[in-house]
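Within every chain, numbering begins at 1; the chains are lettered A, B, ... in the order of the sequence lines, protein sequences first and strands thereafter. This is a predicted model, so every value here is computed, not measured.
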Number of protein chains: 2
Amino acid sequence: MTVSKTAAVDAGKAARPGRKEPVEAAAEGTALQMGELSELLGYSLKRAQLKVFDDFLRCVAPLQLTPAQFSVLLLLDKNPGRNQTEIANTLGILRPNFVAMLDGLESRDLCARIRSTNDRRSHILVLTDKGRAVLTRAKKLVASKHEARLNELLGPANRAALLDMLATIAREF
Amino acid sequence: MTVSKTAAVDAGKAARPGRKEPVEAAAEGTALQMGELSELLGYSLKRAQLKVFDDFLRCVAPLQLTPAQFSVLLLLDKNPGRNQTEIANTLGILRPNFVAMLDGLESRDLCARIRSTNDRRSHILVLTDKGRAVLTRAKKLVASKHEARLNELLGPANRAALLDMLATIAREF
DNA sequence: CGGTATTTGATATGGTGGATAACAATTATC
DNA sequence: GATAATTGTTATCCACCATATCAAATACCG
């Protein structure tokens, strides 16, 4: 029914240290009023997304992987024998834009394009050994640093609930 | 188990009449396995954000306002007498990029730059009458179409919990 | 079979955001 | 009063995203 107000969720509710605000606009350092912006889901959604992506980049910096690149490696590992169109489509990447992205991964020897014998138009995408190794290390970094930090902030239950709601929106909105 | 019915758990069953289901025979198009991608918060976060922004654009299309423009108008309304740097900073927009954005709003007579008498370097930003009118109409569209749709999908309690968690991430992550 | 349409990967290109450097005008600091 | 800092601005640069188009390969269909 109602959502339990866990400590994590209302953790940062503390108000800012109040300061006197002169009638004149001369004073500086006064925090601006967010107004209805705080109620705009899209606003918090975007700001949270930027923070999460930024943290992801830091956590996986040793491997020089972006979130998008990581998602490609993950998908290639779980779905062998697929071509560029299939991988790009399920990630919401347009085929033209996927070409340069694959070029980057292939030039780093993380994956390879193989001409399909069935359909010589398409390229079967495969992870290289190095690609698998990098993916394994990346998964560990993401789990131990990135997702762990989110769990610490929200708590496991809230994190799961958040993930579920986001997936619902992404799927049905 | 101890996890209270945290919303998201039953978010999926919140109202939604079955609409488009790719139930085609699809002898060849087997869905790809998402694997650990489903557990990556950043992935669902980004996809949800894109959906929400897309819906926002549709709902407010009659007024030709982007989420960023809407947030500027909201902020100007709630914070009179502020200059470009202050508004841009609280929205996470870099000052150089805020210039063109303001040019767009000002050219449509939604807001105006006024040279400050205190500090003749800065421009005080104000909403015009038209800007206030557009903002009022935009708020109604957002509430009745956009946020209402999210409420319908998640339920009010879940939506509030989601917003709270996103704000927490945006603030403390 | 042969002609047409479709698919696949690829290129080119344009638009939009985001980030940094630099600059003139103005103000703050010492 | 000389120097530093701030404000708005311009000019770039780069990452993403989207569309049109193309050659090669395949599917379709009379």
Side-chain angles (χ1 to χ4, degrees), chain A residues 25-29 42-43 45-47 49-54 56-57 64-72 76 81-107 111-126, chain B residues 26-29 42-43 45-47 49-51 53-54 56-57 64-72 76 81-107 111-126:
Chain A
E28 305 174 26
Y43 180 75
L45 201 44
K46 172 138 189 221
R47 301 221 90 168
Q49 186 256 317
L50 291 175
K51 286 262 191 169
V52 169
F53 268 44
D54 195 59
F56 182 98
L57 285 173
Q64 285 288 99
L65 282 183
T66 68
Q69 290 171 326
F70 180 68
S71 68
V72 170
L76 293 189
R82 300 293 189 157
N83 63 24
Q84 299 184 196
T85 301
E86 291 172 312
I87 298 295
N89 278 345
T90 70
L91 287 177
I93 304 175
L94 294 172
R95 273 80 77 198
N97 300 329
F98 193 51
V99 173
M101 187 170 179
L102 266 187
D103 289 346
L105 292 175
E106 204 174 13
S107 71
C111 71
R113 296 180 236 226
I114 301 179
R115 284 228 114 81
S116 169
T117 53
N118 309 341
D119 186 341
R120 289 186 346 219
R121 290 171 297 186
S122 60
H123 289 167
I124 300 303
L125 299 179
V126 294
Chain B
E28 183 253 337
Y43 180 75
L45 201 43
K46 171 135 188 228
R47 301 221 92 168
Q49 186 257 318
L50 291 175
K51 286 263 192 168
F53 267 45
D54 195 60
F56 182 98
L57 285 174
Q64 285 288 98
L65 282 183
T66 67
Q69 290 172 326
F70 180 67
S71 67
V72 170
L76 292 189
R82 299 292 188 159
N83 64 23
Q84 299 184 197
T85 301
E86 291 171 312
I87 298 295
N89 278 345
T90 71
L91 287 177
I93 303 174
L94 293 172
R95 272 82 76 200
N97 299 331
F98 193 51
V99 173
M101 186 170 179
L102 266 187
D103 289 345
L105 293 175
E106 204 174 13
S107 72
C111 71
R113 295 181 237 226
I114 301 179
R115 265 186 287 272
S116 169
T117 53
N118 307 342
D119 186 342
R120 290 187 347 221
R121 290 172 297 186
S122 60
H123 290 166
I124 300 303
L125 299 179
V126 295

Looking only at side-chain N and O atoms, does A:K46 come under 4.0 Å of OP1 or OP2 in C:dG18? yes

At under 4.0 Å, does any side-chain N or O of A:R95 touch on OP1 or OP2 of D:dT21? no

How would you label the contact of A:D103 with the nucleic acid (heavy atoms, under 4.0 Å): base, sugar-phosphate, or nothing? nothing

Go through the steps to decide whether A:L105 and A:C111 satisfy the test side-chain contact (heavy atoms from CB on, under 4.5 Å), and finish with yes or no. CA-CA 6 Å; A:L105 292 175; A:C111 71; 3.7 Å; yes

Figure out the CG/P separation between A:L94 and C:dT11, and round it to whole Å. 16 Å

Using atom CD1 of B:I93 as one end and atom P of C:dT20 as the other, report the distance to the nearest whole Å. 15 Å

Could you state the NE2-C1' distance from B:H123 to C:dA24, rounded to the nearest angstrom? 13 Å

Would you give the length of the straight line joining atom CD1 of A:I87 to atom CE of A:M101, rounded to the nearest 0.5 angstrom? 11.0 Å

Rounded to the Å, how far apart are A:L102 CG and C:dG9 P? 9 Å

Nearest-Å distance, CZ (A:R113) to P (C:dA10)? 4 Å

Could you check A:G92 against A:D119 and say which one's nearest nucleotide on DNA chain D is further toward the 5' end? A:G92

Quick one: A:R115 CZ to C:dA10 C1', roughly how many Å, whole number? 11 Å

Within this structure, what is the CD1-to-P distance between A:I114 and C:dG9, rounded to whole angstrom? 13 Å

Measure CG/A:N97 against P/C:dG17 and give the value in whole Å, please. 16 Å

Who are the salt bridge (Lys or Arg N to Asp or Glu O under 4.0 Å) partners of A:R47, not counting sequence neighbours? none

Backbone N/O of B:H123 and side chain of B:Q84: donor-acceptor pair under 3.5 Å: no

Against the side chain of B:S122, the closest entry in C:dA10, D:dG8, C:dA21 is D:dG8

Mark yes or no for a side-chain to base donor-acceptor pair under 3.5 Å between B:R121 and D:dT7, with no hydrogen or angle criteria applied. no

Can you name the salt bridge (Lys or Arg N to Asp or Glu O under 4.0 Å) partners of B:R121, sequence neighbours left out? B:D119

C:dG9 phosphate, OP1 or OP2: any side-chain N/O from A:T85 under 4.0 angstrom? yes

B:R120 (side chain) and C:dT26 (base): donor-acceptor pair under 3.5 Å: no

